[in-house]
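Nothing here was measured: the structure is a model prediction, and the numbers come from that model. First the proteins, then the strands, lettered A, B, ... as listed; each starts at 1.
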2 protein chains.
Amino acid sequence: MALGKDYVGQDCSLSRALELLGERWTLLVVQNALYGVRRFNDFQVRLDIPKAVLSDRLARLTEGGVLEKRQYQPSPPRYEYLLTDAGIELWPVIYTLSVWGRRHIGGEPPRLFRHADCGSALLPSSDCPECGPVAPADVEMYPGPGPKRDDPVSRAMNRPRRLLEPVVPAAP
Amino acid sequence: MALGKDYVGQDCSLSRALELLGERWTLLVVQNALYGVRRFNDFQVRLDIPKAVLSDRLARLTEGGVLEKRQYQPSPPRYEYLLTDAGIELWPVIYTLSVWGRRHIGGEPPRLFRHADCGSALLPSSDCPECGPVAPADVEMYPGPGPKRDDPVSRAMNRPRRLLEPVVPAAP
DNA sequence: AGTGTTGGTTCAATGAATGAACCGGGGTAG
DNA sequence: CTACCCCGGTTCATTCATTGAACCAACACT
């Protein structure tokens, strides 16, 4: 990661995870990938992130095994970034941290999450109170009371949908 | 946090949490606080972090309600930084991310965690497989197979102990 | 031939991280 | 009484990362 290169001399797994995930914007990129964002431009529009940084983060996440870059059409050549299994396993981390932020920093949530099978709201741990652990693909996301961004990607994300379901922004 | 100041324009609770916790070193400071580190010098010795950065991070975490600065003796004036309830609630986040790092990046864990009451190793969610959710104060930490740092603070941390139990480094 | 979209790269300016040096209040050993 | 050490910092020059604007190339569309 950063300056002294990395967390040299740290002995724990957390420092190793943070070398890959702890840079500015990185966790937000993974979050949006879980929300179904896959394409360079869509990340850029939704995050308002400098393209150079986005490019760097996508490359590092790909190299680190969290994303996989795939060409989804040959001509014109177009690419998408898909979460690997390792990337999908970051869902509990991201959800738990997000719930912590809401509880202790405040603000209304723009999106809520429930278990698609039974409709129960998820616990802070990301488990379902009725059914226990829930795979991200079985989590349904729907609009909450909080403010939402107004760009084509965010708008496409605001109808109820499952995690990992690809976002398809409308043309205008 | 960083340059464009913060994650302006982001709508989610994750970005708000990351403005406080997402800077370099911050989450490692919280982790060590959970492990029982309380004093400026002990953080500095164990993390090998520039003092100016540590000073900044402790101040921001205090201001953000994650730590509380307390004078624990009048003369010579000495201070300690204690986790607030909000800070203690970061345990699942830190543990889950740490387990992710071990699984997907690799390395042996220097420390392992079990439920003090029943002895079961914790699940990745930080719950006990037998008893369900476990408060950090009921988690016992003991040495694992991985490499350990060799400084007085880390050495004091290597005997089995509960989370949040104050670290008392030996004199030499 | 010109315009638009996608997926980038390059670059100067700005802002943070680093590490070494310094500092001040208070013990404590000689 | 003096010197030295500890703790908890601050200051500062250098190095590195982030930003935002500009540029670019491949291709499609009109």
- Nearest-Å distance for atom pair CD/P, residues B:Q44 and D:dG8: 11 Å
- Message: The side chain of A:S75 is closest to which nucleotide in this list: C:dG26, D:dG9, D:dA28?
- Response: D:dA28
- Choose from D:dG9, C:dG8, C:dT18 the nucleotide whose nearest atom is closest to any side-chain atom of A:S55. C:dG8
- Item | Under 3.5 Å side-chain donor-acceptor pair for B:E89 and A:H104 | yes
- Query: Going by atom types only, do A:Y81 and A:R70 share a side-chain donor-acceptor pair under 3.5 Å?
  - Reply: no
- Are OP1 or OP2 of D:dA17 and a side-chain N or O of A:W25 less than 4.0 angstrom apart? no
- Task: Tell me which of A:D56 and B:D56 sits closer to the 5' end of DNA chain D, going by the nucleotide each one is nearest to.
- Result: B:D56
- Cation-aromatic face contact B:R46/B:Y35, 6.0 Å, 45 degrees: no
- Item | Donor-acceptor contact present, side-chain A:R161 to main-chain A:P166, <3.5 Å | yes
- Message: I want to verify a distance call: between C:dG7, C:dG8, D:dG8, whose nearest atom is closest to the A:Y81 side chain?
- Response: C:dG8
- Please give, in whole Å, the distance from D:dG9 C1' to B:L58 CG? 11 Å
- Task: Would you kindly give the CD-to-P distance between A:Q71 and C:dT6, to the nearest whole Å?
- Result: 16 Å
- Closest-nucleotide ordering on DNA chain D, the 5'-leading residue of A:P50 and A:P77: A:P50
- Message: Between B:R16 and B:Y7, does the side chain to side chain donor-acceptor pair (under 3.5 Å) criterion hold? Intermediate values first, please.
- Response: CA-CA 8 Å; B:R16 282 190 292 274; B:Y7 297 106; over 6 Å; no
- Rounding to a whole Å, what distance do you find between B:L47:CG and D:dG9:P? 15 Å
- Side-chain atoms of B:R78 come closest, of D:dG8, C:dG19, D:dC27, to D:dG8
- Message: Can you identify which nucleotide, out of D:dC27, C:dA17, C:dG7, has its nearest atom closest to the A:K51 side chain?
- Response: C:dG7
- Could you check which of C:dG7, D:dC27, D:dG8 has an atom nearest any side-chain atom of A:Y79? C:dG7
- Closest nucleotide among C:dG27, D:dG9, C:dT6 to the A:R39 side chain: C:dT6
- Length of the CD-C1' vector between A:Q73 and C:dG7, whole Å: 12 Å
- Task: Look at the side chain of B:Y72 and decide which nucleotide, out of D:dG8, C:dT6, D:dT19, has an atom nearest to it.
- Result: D:dG8
- Query: Of the candidate nucleotides D:dC12, D:dG20, D:dG8, which contains the atom at the shortest distance from the side chain of B:A52?
  - Reply: D:dC12
